Amino acid sequence: MPELPEVETIKRELEKTVLGKKITGVKINNSKVIKQPGTASFVKNIKNARINNILRKGKLLILELSSGKSLAVHLRMTGQLVYPGDCKRSRVSFKLSGNKWLDFNDSRLLGELRLLGDWRQLKFVKNLGPEPFDLTLDEFKHMLAGRKTKIKPLLMDQTFISGVGNLYAAEALFRAKIHPGRPARSLSGKDKARLFRAVIVVLREAIKYKGSSLDQYVQLSNKPGDYVKYHKVYARAGKPCLICKTPVKRTTLGGRGTYFCPQCQK
DNA sequence: AATGGGACCTGCGCGC
DNA sequence: TGCGCGCAGGTCCCAT
């Protein structure tokens with residue numbers, strides 16, 4: 001489940017390996033993941049373009065091309081980018097100068113590839129909230145003020161802040177000792193400060209360890225990320241809280257599995 | 001504004 | 001051993 005740290009990890013590896021390379025060919029094994037434009041036009045318009053710049057906006061990866069177009073990649077749940085790839089399980093593979101392939105894998109076909117003129121015009125991008133790293137504590141506090149929503153779904157709302165998903169929301173709330181169901185506006189100043197710091201720390205640590213490979217996420221090199229061993233609550237239902245030994249609880253909030261310690265998180 | 005549901009999808013683990 | 005089922009969660013969309 002790629003969130004900000006996973007996508008950032010891939011972005012940094014792409015910069016080291018494929019930046020400046022030319023896309024010399026495209027192999028499409030399942031056109032379902034190509035949302036824009038049609039298949040033929042996608043192939044025609046991406047061929048012979050050079051990868052000029054690589055960006056990340058929230059969980060969205062953007063490859064700016066020499067043609068003036070950009071390739072936007074959203075991994076959603078099970079998307080992977082692998083380089084060099086082998087084309088075996090890929091939905092779409094890009095042949096790059098040097099004759100190695102960049103594979104887009106996606107077992108569940110929920111991921112998205114788009115080739116477009118100006119990625120800034122994408123609705124998803126326009127609606128994105130600020131990156132956590134770009135915020136000050138004061139700004140964060142103001143954003144929570146008056147919000148009735150439960151804090152965990154709010155953290156995961158990409159129009160509120162961008163990049164936090166189910167896993168890192170749970171980890172940040174645990175570290176901040178805040179119950180995931182608390183209305184956002186009920187948080188005290190100190191709560192907000194702890195939460196803000198926890199979000200930043202968790203994301204930074206996860207980037208440092210190259211992401212969490214619980215499910216399908218892998219780094220560009222096809223190796224798993226190492227952050228799972230530093231998880232404290234996610235997917236630990238019934239296991240003792242690492243602080244107080246109370247069994248970790250699992251509930252559903254906003255339709256998502258939610259893990260927390262009923263003793264530590266108030 | 002907030003909330004809840006369904007849709008998109010496939011692979012996995014579970015119970016029987 | 002095999003089968004059906006629920007579930008995993010990122011995003012969009014619709015209803016209330």
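Every value quoted in this text rests on a predicted model; they were computed, and no experiment measured them. FYI, side chains are in, hydrogens and waters are out, and symmetry mates aren't considered; it's all heavy atoms of this structure. A note on names: the letters A, B, ... follow the listed sequences, proteins ahead of strands, and every chain is numbered from 1.
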### Query
Does A:Tyr234 have a side-chain nitrogen or oxygen under 4.0 Å from the phosphate oxygens OP1 or OP2 of C:dG9?
yes

### Query
Between C:dT11, B:dT3, B:dC8, which nucleotide has the shortest distance from any of its atoms to the side chain of A:Gln158?
C:dT11

### Query
Which is true for A:Glu3 with a 4.0 Å heavy-atom rule: it touches a base, it touches only sugar-phosphate, or it touches nothing?
sugar-phosphate

### Along DNA chain B (nearest heavy atom to each residue), the more 5'-positioned of A:Ser107 and A:Thr149
A:Thr149

#### Entry: Whole angstrom value for the distance that separates P of B:dA1 from CZ of A:Phe160
14 Å

#### Entry: Nearest-nucleotide pick for A:Lys150, side chain only, options being B:dA2, B:dT3, C:dG9
B:dT3

### Message
Checking contacts here: which listed nucleotide (B:dT3, B:dC8, C:dT11) is nearest the side-chain heavy atoms of A:His74?
### Response
C:dT11

### Task
Establish, with yes or no, whether the OP1 or OP2 oxygen of C:dT11 is under 4.0 angstrom from a side-chain nitrogen or oxygen of A:Lys59.
yes

### Message
Are more than 12 heavy atoms, taken from residues, nucleotides or ligands other than A:Lys100, located less than 6.0 Å from that residue's NZ atom?
### Response
no

### Query
Hey, does the Lys NZ or Arg CZ of A:Arg204 hover above the aromatic six-ring of A:Phe133, less than 6.0 Å from the centre and inside 45° of the axis?
yes

### Task
Identify, between A:Met77 and A:Asn127, the residue whose nearest nucleotide on DNA chain C lies closer to the 5' end.
A:Met77

#### Entry: Base of B:dT10 paired with side chain of A:Arg89 (donor-acceptor, under 3.5 Å)
no

### Summary
Between CG of A:Asp106 and P of C:dG10 the distance, given in whole Å, is 14 Å

### Task
Could you check whether A:Gly257 gets within reach of a base, just the sugar-phosphate, or nothing at all, counting any heavy atom under 4.0 Å?
sugar-phosphate

### Message
Checking contacts here: which listed nucleotide (B:dT3, C:dC12, B:dT10) is nearest the side-chain heavy atoms of A:Phe124?
### Response
C:dC12

### Query
Would you say the side-chain atoms of A:Ser70 pair up with the backbone N or O of A:Ile62, donor to acceptor, closer than 3.5 Å?
no

### Query
For A:Arg108 and A:Arg147, take the nucleotide of DNA chain B holding the closest heavy atom to each; which residue's nucleotide lies nearer the 5' end?
A:Arg147

### Summary
Closest to the side chain of A:Leu109, out of C:dC7, C:dG10, B:dC9, is B:dC9

### Message
Would the distance check show the side chain of A:Glu171 and the main-chain N or O of A:Tyr234 forming a donor-acceptor pair, the cut-off being under 3.5 Å?
### Response
yes

### Query
Any side-chain N or O of A:Lys32 less than 4.0 Å from the OP1 or OP2 oxygen of B:dT10?
no

### Complement of C:dT1, any strand, by Watson-Crick or G-U distances under 3.5 angstrom
none

### Message
Taking the cut-offs as 6.0 angstrom to the six-membered ring centre and 45 degrees off its axis, would you call A:Lys27 and A:Trp101 a cation-pi pair?
### Response
yes

### Query
Given the P atoms of C:dG9 and B:dC14, what is the spacing between them in whole Å?
16 Å

### Task
For A:Leu75 and B:dC8, give me the distance from atom CG to atom C1', rounded to whole Å.
17 Å

